[in-house]
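Let me begin by presenting the structure, written as structure tokens, before commenting on it.
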2 protein chains.
Amino acid sequence: MNLTESIKRPSLHEELVERLRNLIVEDVLKPGIKVPEKELCDAFGVSRTPLREALKVLASEGLVELLANRGARVTRVTLEELENTFPVIAMLEQLAGERSCQNLSDAEIAGIQERHDAMVKAYKARDRKSYFQANQDIHNALIAGARNQILETHHRMLAARVRRARFMVNVSEDRWAEAIQEHEQMMEKLHARDATALGELMKSHLMNKCAAHVKSMVEAADDAAQS
Amino acid sequence: MNLTESIKRPSLHEELVERLRNLIVEDVLKPGIKVPEKELCDAFGVSRTPLREALKVLASEGLVELLANRGARVTRVTLEELENTFPVIAMLEQLAGERSCQNLSDAEIAGIQERHDAMVKAYKARDRKSYFQANQDIHNALIAGARNQILETHHRMLAARVRRARFMVNVSEDRWAEAIQEHEQMMEKLHARDATALGELMKSHLMNKCAAHVKSMVEAADDAAQS
DNA sequence: TGACTGAATTATGAATTCATAATTACACAA
DNA sequence: TTGTGTAATTATGAATTCATAATTCAGTCA
């Protein structure tokens, strides 16, 4: 038991980074909008100092951009950003897949299988919200299985940027079915503890997801141009 | 040409992040030492506000750790950190190698060859400083060749953490020769524009470097325990 | 002498203040 | 009406101030 943990009271700025990050990732703070410090201060009931510290950290993560003397704005999720971010995440997940095969206990794998079953169930019920949550749980568990704090931190930063894209895209029915297939294969290799195969699968799974997102965004842009 | 760039005057906290990061990476601010805000403020001639903002950012990059109500300290480079960081960098460099083969112009490749020749020359002269600089230039050029800002940013963050380790290790003569060999092969594949091969080579090059560092650190620890 | 207590000092977390850059509002001219 | 220039307002960057937690150090007592 870690005794220091129980006393730990996160500082204001840490708390703010956490909450602001969630607001951005959950699309409450919309991309492109200015983030007036005053409003946020009032909303959170803190002074500008810790809030600005938090904004600096979020800027270094790429969730907001700081314009000199003109405050912060939530960064837009651009096509270019998606095309750049997904391949990097794909490499990290490949590594995670390899290591997870070596590190995860049978019990942990059983837990992931459980989430996988829940995900398939949500897919059949077309319950996007539950599906998304289960999917995220699975990926996070496989990342955690690498037992690598650095990998985990950077994956979280990158995933946060990309996760926002789900509010912009309409993944096709076909791609959804395909993703389920890919996850089935991943579970197979995980049970077989085939590290190389799972790594490759996770990498290509992410690259396919990237292609689907890009396709969907391009189509959305075309539609917008047409109207 | 980007017109906004020319006007850009970095804010104090950006400047401070940059300078502090350099001080840490260059081992001027030694791992483990406390970093009293007052001293740094006096040294840089700024008030505590921008300095603390900079520390928050550096903490999110893992170069310093913030202890509640007890200030910041430069993080130690641990064996575990190296073993976690190198594989992640290796994955990023694999991706960079693949993409660089596709993206770099002949002129850019010629420029890298030039740095490579300089590196070999420095190796033969046993000029560690020049060798290190040329080596870093080559890796940075190959990362830049991926034309991926996300990849570049995360690579820079990870490389900063690991770069500090060079002050702790004494790489063996054998490993040094081996590293040169690996770089020769990399150049070969780069000229041939064999993306997959260069990616694999860069990945294994990094993993070998990791093994060498770990070996050296373990030996250093053993020596310390003996005396 | 050495360990403990508690006041004094110091350093940090956060709020406030100040200076300045950016934005807005508005008057006036074309 | 539209555009331009200037004053007023607002928001930000940075310094300063304030409150509190941590540390230091002196003094006491065993």
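Below, chain A is the first sequence line, B the second, and so on; all start at residue 1. These figures come from a predicted structure and were not determined experimentally.
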Just by distance, with hydrogens left out, do A:Asn148 and A:Glu152 show a side-chain donor and acceptor under 3.5 Å apart? no
When you measure from the centre of the six-membered ring of A:Phe132, is the NZ or CZ of A:Arg166 closer than 6.0 Å and no more than 45° off the axis? yes
What integer distance in Å separates B:Leu12:CG from D:dT12:C1'? 13 Å
Take atom CG in A:Asn170; do more than 12 heavy atoms of anything else shown fall under 6.0 Å from it? no
Nearest to the side chain of A:Ser11, which nucleotide is it out of D:dA15, D:dT12, C:dA14? C:dA14
Distance, rounded to the nearest Å, where A:Asn69 contributes CG and C:dA19 contributes P: 16 Å
For atom CZ of A:Arg73 and atom P of D:dA11, their distance in whole Å: 16 Å
Send over the distance from A:Leu51 CG to C:dA14 P, rounded to a whole Å. 12 Å
Check whether any side-chain N or O of A:Ser47 sits under 4.0 Å from OP1 or OP2 of C:dA15, and answer yes or no. yes
With a 3.5 Å distance limit and no angle check, can you tell me whether A:Arg21 reaches the backbone of A:Glu18 through a side-chain donor-acceptor pair? no
Presence of A:Arg70 side-chain N/O under 4.0 Å of C:dT23 phosphate oxygens OP1/OP2: yes
From the set D:dA14, C:dA15, D:dT17, return the single nucleotide nearest to any side-chain atom of B:Arg48. D:dT17
Would you kindly give the CD-to-C1' distance between A:Glu37 and C:dA14, to the nearest whole Å? 15 Å
Rounding to a whole Å, what distance do you find between A:Lys38:NZ and C:dT16:P? 11 Å
Selected nucleotide, minimal atom distance to A:Arg52 side chain, candidates D:dT12, C:dA15, C:dT12: D:dT12
Both A:Lys34 and B:Leu67 contact DNA chain C. Which one's nearest nucleotide lies toward the 5' end? B:Leu67
B:Leu66 CG - D:dA21 C1' separation (whole Å): 16 Å
Within a radius of less than 6.0 Å around CD of B:Glu114, do more than 12 heavy atoms belonging to other residues, nucleotides or ligands occur? no
Would you mind reading off the distance between B:Glu15 atom CD and D:dG13 atom P, rounded to a whole angstrom? 15 Å
